[in-house]
Amino acid sequence: MYVVATAGHVDHGKSTLVRALTGMEPDRWAEERRRGMTIDLGFAWMTRPGPDGGPAGGAGGPAGEKIAFVDVPGHERFVPNMLAGLGPVPAVLFVVAADGGWMPQSAEHLAAVDALGVRHGLLVITRSDLADPGPATRRALAEIAPTSLGRVEAISVSAVTGQGLDDLRAALGRLVSALRESQGAARPQPPARLWIDRSFTIRGAGTVVTGTLPAGTVRNGQELLLTPSAQPVRVRGLQALGEPVDQAAGVARVALNLRGVPADVPARGMALIEPGRWTLATELDVRITPPAADPRPKFPPELLLHIGAARARARLRILGQAPGPIYARLRLREPLPLHAGDRVLLRDPGAAGLAIYGATVLDPAPPPLARRGAGAAAVRELSGWPDVPTAADLLGRHKLLRAAQLVAAGLTELPPAVAGDWRADPAHWAALRAELPAVVADFCASDPLAPGMPAEAARASLNLPSRDLITALASGNIVQEGGYLRISTRPAGDVAPAIAAAVQAVLADLARDPFAAPDAERLRALGLDARALAAAARAGLLLRVADLVALAPGAADQAAATLAELDQPFTTSQARQALGTSRRVAIPLLEYLDRARITERLPGDLRRLRDY
Ligand SMILES: Nc1nc2c(ncn2[C@@H]2O[C@H](COP(=O)(O)OP(=O)(O)O)[C@@H](O)[C@H]2O)c(=O)[nH]1
Ligand SMILES: [Mg+2]
């Protein structure tokens with residue numbers, strides 16, 4: 001099935017054209033027929049024509065394939081209905097009357113088509129028995145060319161004389177061949193999101209909804225969620241264009257008989273979605289493409305966001321412009337089921353003229369903008385994203401996400417998990433891995449008698465959402481045992497070879513004189529700086545009591561043994577002499593022993609060994 005919407009100014013012959021093509025009446029309401037004007041959406045369908053405009057088959061498609069039309073109102077008062085009809089549909093019959101020419105709603109509908117990014121369409125010049133179709137054709141083609149539709153075929157017809165209708169059927173055959181190619185190109189198939197445009201009760205059947213399914217498949221018996229409440233409903237009957245079917249694949253017009261929902265609940269703009277596959281978004285970051293004629297539009301604080309048949313009030317916060325596209329955060333009154341990469345339309349209903357903007361959803365669950373300058377930072381980040389963001393883009397921003405979050409944002413190609421179902425930004429993960437040893441070393445230095453750093457403390461310290469991530473990060477010389485992390489003393493080789501060799505030289509010095517930590521000159525000669533010493537300390541090769549004061553790993557115990565020989569309490573000077581070292585080493589060493597709770601600091605420059 002193919003679904004095509006009409007578009008164009010009121011009274012230009014859209015409904016008449018649909019009637020002529022399908023033999024069905026698209027204006028469903030008595031009031032519409034009485035006033036001769038489409039108010040709400042109309043639905044009709046025909047069998048796919050052959051290449052010569054003949055009855056069926058041909059042009060690459062199987063015989064009997066259906067083309068469904070969604071006929072929209074042209075009157076400016078019914079723009080929301082027009083957008084609900086056009087929103088989920090991939091192709092358009094753009095109608096301009098030969099005798100009417102290009103009109104305000106022609107321009108407005110074209111702006112909507114462009115904002116929605118509709119790429120397939122035909123220009124139909126109607127009422128060509130009443131005037132020369134030439135001028136209207138030329139003007140309309142010129143208007144359409146720079147939009148998402150680009151170059152389209154133009155066909156002039158008269159519904160009264162029937163002239164041009166065969167040409168139009170043939171052109172429709174070519175249009176749906178192009179559609180077939182682009183619909184088939186979507187791999188993998190996205191999950192179902194059916195935009196509801198009507199809801200009613202059928203006696204004996206209960207609640208029935210109809211809508212356009214742009215992609216994915218709905219099946220009889222399937223459980224879906226009704227947005228915005230996410231209430232589960234079961235499909236207990238399915239029809240496509242009046243025929244019962246077991247399943248329908250988008251693009252399709254479908255009618256669903258629903259179980260689990262009262263008839264008055266579903267309404268136009270709600271959606272039926274596959275559970276777990278969509279983000280019910282209340283905040284989203286978008287990229288708005290301003291129209292060429294108005295590169296810096298003045299947005300009101302509240303706009304209407306249209307997607308599919310849905311319309312939501314959205315508060316707008318401009319994040320910045322960079323330099324063409326505008327980046328904004330939208331806050332919705334009610335959640336909408338969205339994916340990253342969704343195309344949405346923004347409209348200022350209070351504006352005097354045309355105020356329709358196309359936008360792309362970049363992030364359907366953006367992080368809070370807490371700090372000052374967060375908006376500008378967000379623009380720097382988002383301006384590098386493609387229109388259909390990847391898992392890498394989202395991870396670059398969020399750093400860590402569960403697979404379920406990425407899937408709900410529409411991502412199906414995920415990087416491998418780092419732990420459980422967690423996915424990480426590679427740079428962030430590497431930074432965490434580099435940071436954990438220092439965090440553990442600090443903790444263990446401050447509490448050396450503890451069995452190690454509790455994994456929960458490490459999780460909190462690195463601000464991670466789950467302790468599983470700590471387990472996954474604990475590698476190399478960090479070992480986790482019984483919920484505690486500690487630094488394993490491993491042989492040299494876990495640091496760069498140059499550092500390892502220099503450390504061996506230091507250890508050789510210290511073997512002769514255990515508290516004569518190498519001085520700045522000696523360290524410089526060995527090529528050891530604070531970073532290298534820190535790395536060696538993390539690898540358990542050295543005990544680092546101050547930035548540039550390094551001792552052998554057993555120095556603390558050795559110092560404790562020496563200090564135990566002294567009368568308690570003892571002064572700094574007594575300790576320095578007993579250890580046979582300088583104040584440069586003695587003071588940070590004693591402070592280290594205090595932190596390690598080997599010694600206890602007393603008033604008046606005195607210390608004593610604990611548990612003495
Ligand atoms: N002479 C002539 N009248 C037409 C043609 N197509 C539509 N009309 C008339 O134009 C008026 C508006 O048509 P309608 O289909 O309701 O326009 P819509 O508002 O675009 O749906 C109706 O009175 C139609 O009968 C045509 O090809 N030739
Ligand atoms: Mg009409």
Side-chain angles (χ1 to χ4, degrees), residues 3-46 53 67-87 89 91-113 118 121-137 139-140 143-144 149 152-172 197-198 212 253 268 309:
V3 185
V4 180
T6 60
H9 198 77
V10 64
D11 271 348
H12 276 207
K14 297 181 293 299
S15 301
T16 305
L17 187 67
V18 169
R19 212 177 286 128
L21 287 170
T22 65
M24 296 172 73
E25 175 55 60
D27 283 342
R28 295 172 293 121
W29 296 6
E31 186 193 352
E32 290 177 314
R33 295 186 202 169
R34 195 173 61 245
R35 292 169 64 182
M37 181 169 80
T38 309
I39 295 169
D40 201 357
L41 302 174
F43 308 99
W45 55 90
M46 64 183 275
I67 303 175
F69 293 95
V70 177
D71 184 36
V72 309
H75 196 281
E76 61 178 328
R77 275 178 42 217
F78 307 123
V79 163
N81 289 345
M82 178 275 287
L83 289 172
L86 187 58
V89 172
V92 65
L93 280 191
F94 205 93
V95 170
V96 178
D99 59 329
W102 193 255
M103 294 291 280
Q105 266 62 59
S106 312
E108 186 156 32
H109 288 201
L110 183 61
V113 164
V118 178
L122 298 177
L123 171 63
V124 187
I125 305 296
T126 51
R127 297 167 54 111
S128 54
D129 53 299
L130 298 178
D132 171 12
T137 307
R139 170 75 190 274
E143 297 282 349
I144 290 170
L149 288 174
V152 293
E153 276 193 67
I155 302 96
S156 16
V157 302
S158 165
V160 170
T161 67
Q163 169 251 318
L165 285 176
D166 284 346
D167 291 345
L168 176 56
R169 290 192 191 95
L172 271 170
D197 47 39
R198 283 187 300 163
T212 301
R253 287 290 312 166
R268 174 171 299 172

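Since the model is a prediction, treat every value here as computed from it, not as a measurement. Atoms within each ligand, like the ligands themselves, are counted from 1 in listed order.
Ligand 1 is surrounded by His9, Val10, Asp11, His12, Gly13, Lys14, Ser15, Thr16, Gly36, Thr38, Arg127, Asp129, Leu130, Ser158, Ala159, Val160, each with at least one heavy atom closer than 4.0 Å.
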Should Trp102 and Leu110 be marked as a side-chain contact (heavy atoms from CB on, under 4.5 Å) after you check the CA-CA gap, both sets of side-chain angles, and the distance that decides it? CA-CA 11 Å; Trp102 193 255; Leu110 183 61; 3.7 Å; yes
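Of all non-hydrogen atoms in Val89 and Val3, the two that sit nearest each other are CG1-O, 3.3 Å. The two atoms that bring Trp45 and Met24 nearest to each other are N-SD, 3.4 Å, heavy atoms only.
To the nearest 0.5 Å, the span separating CG on Leu17 from OG1 on Thr6 amounts to 8.5 Å.
For the pair Arg253 and Asp197, the salt-bridge criterion is met [side-chain N within less than 4.0 Å of a carboxylate O].
Proximity of a side-chain donor or acceptor of His12 to a complementary backbone N or O of Val96 within less than 3.5 Å is not detected. Between the Ser128 side chain and the Val157 main chain, a donor and an acceptor come within less than 3.5 Å of each other.
Only protein N, O or S atoms were scored, and 2 of them lie under 2.8 Å from the Mg ion (ligand 2).
Listed by chain and residue number, nothing satisfies the salt bridge (Lys or Arg N to Asp or Glu O under 4.0 Å) test with Arg33 (two or more places apart in sequence, or in another chain).
Residue pairs meeting the side chain to side chain donor-acceptor pair (under 3.5 Å) criterion with at least one member in residues 73-85, sequence neighbours excluded: Asn81-Arg268.
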